[in-house]
Amino acid sequence: MATHRHQQRITRSLHPLTIEAASFRDAYGTALAIADLRRLATVVATVDGSGAATRHHVHHGADPKGTLECLARLVGWAEVIPAGTEKAIIITVDPEPPAVVAPGLRVLRRWIGSVLRTDGVNLLDWLVTDGDVVASLAFTDHARTAWPDDPPHLRLLHQAHASLDVGETKCIEMT
């Protein structure tokens, strides 16, 4: 019963925010909206073919154990999702600039992505934001293949924005 109450509290904590990831622009807006609500958080979500979240979990705070629990929940969901029917996205809000936070998450993103792929779920992206700038680990690692369902002209636009290199991390500012 405590788990159910905890899940209700988590859901209300993002209300009325809708997690969307039909396109990179949607996911980018969602990351900034979460940052407006929470200063420190990790959100994991599965999304269906239309980009609407089918389930999500939020960890408030910056402790790594909570973030790992979030990621474990995402992996657990992937095990029961029919292969190829859903995708996943991770969003981390941290007051540190994304150029500081994101490099440490790149290896973890690759590992989580490979675990999810074995269950037939595609990890769209891991977005890291401080509320002003959003870093896309997908564009950082694979700019040419990131967000493959976005129209080609938008992917080129995102790649152009991603040229705002901060170290090895692609930070994207969109207007």
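Worth saying up front: this structure is predicted, and the values here are computed from it rather than measured. When reading the values below, keep in mind they use all heavy atoms of this one structure, side chains included, and skip hydrogens, waters and symmetry mates.
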When every non-hydrogen atom of Ala31 is compared with those of Thr129, the smallest separation belongs to O-CG2, 3.7 Å
Just by distance, with hydrogens left out, do Asp48 and Thr54 show a side-chain donor and acceptor under 3.5 Å apart?
-> no
For residues Ser136 and Phe24, determine if any side-chain heavy atom of one lies less than 4.5 Å from a side-chain heavy atom of the other. yes
Tightest non-hydrogen contact, residues His59 and Cys70, listed as CB-SG, 3.5 Å
So CG of Leu127 and CZ of Arg109: to nearest 0.5 Å the spacing works out to 9.5 Å
- Check whether any side-chain heavy atom of Ile81 lies under 4.5 Å from a side-chain heavy atom of Asp119, and answer yes or no. no
> Judged by modelled atom types alone, do Trp126 and Thr92 share a side-chain donor-acceptor pair under 3.5 Å?
Replying inline: yes
Note: Ala78 and Leu116 closest approach over all heavy atoms is CB-CD2, 3.5 Å
| query | Under 3.5 Å, side chain of Asn122 to main-chain N/O of Glu86, donor-acceptor pair present? | reply | no
#### Entry: Flag side-chain contact, heavy atom, 4.5 Å: Val58 against Thr42
no
- Would you find a donor on one side and an acceptor on the other, under 3.5 Å apart, between the side chain of Arg39 and the backbone of Asp130? yes
Shortest non-hydrogen pair, Ala22 vs Asp26, comes out as CB-OD2, 3.2 Å
Exercise for the section: Would you check if Asp141 and Arg110 make a side-chain contact, meaning some heavy-atom pair closer than 4.5 Å? Expected result: yes
key: Check against side-chain contact (heavy atoms from CB on, under 4.5 Å), Ile19 and Val43   = CA-CA 10 Å; Ile19 297 173; Val43 177; 3.8 Å; yes
Worksheet item: Judged by atom type as modelled, is there a donor-acceptor pair below 3.5 Å linking the side chain of Asp94 to the main-chain atoms of Glu96?
Response: yes
Side chains of Leu37 and Val93, heavy atoms from C-beta outward: is any pair under 4.5 Å? no
Problem - Validation row: Lys87, Thr46 side chains within 4.5 angstrom (heavy atoms) - result: no
Correct closest heavy-atom pair for Pro98 and Pro103 would be O-CD, 3.8 Å
side-chain contact (heavy atoms from CB on, under 4.5 Å) assessment of Val47 paired with Leu124: CA-CA 10 Å; Val47 294; Leu124 287 170; 4.0 Å; yes
Partner of Ile112 under side-chain contact (heavy atoms from CB on, under 4.5 Å), picked from Val44, Leu105, Val107, Ile90, is Ile90
Note: Thr30 and Glu20 closest approach over all heavy atoms is OG1-O, 3.2 Å
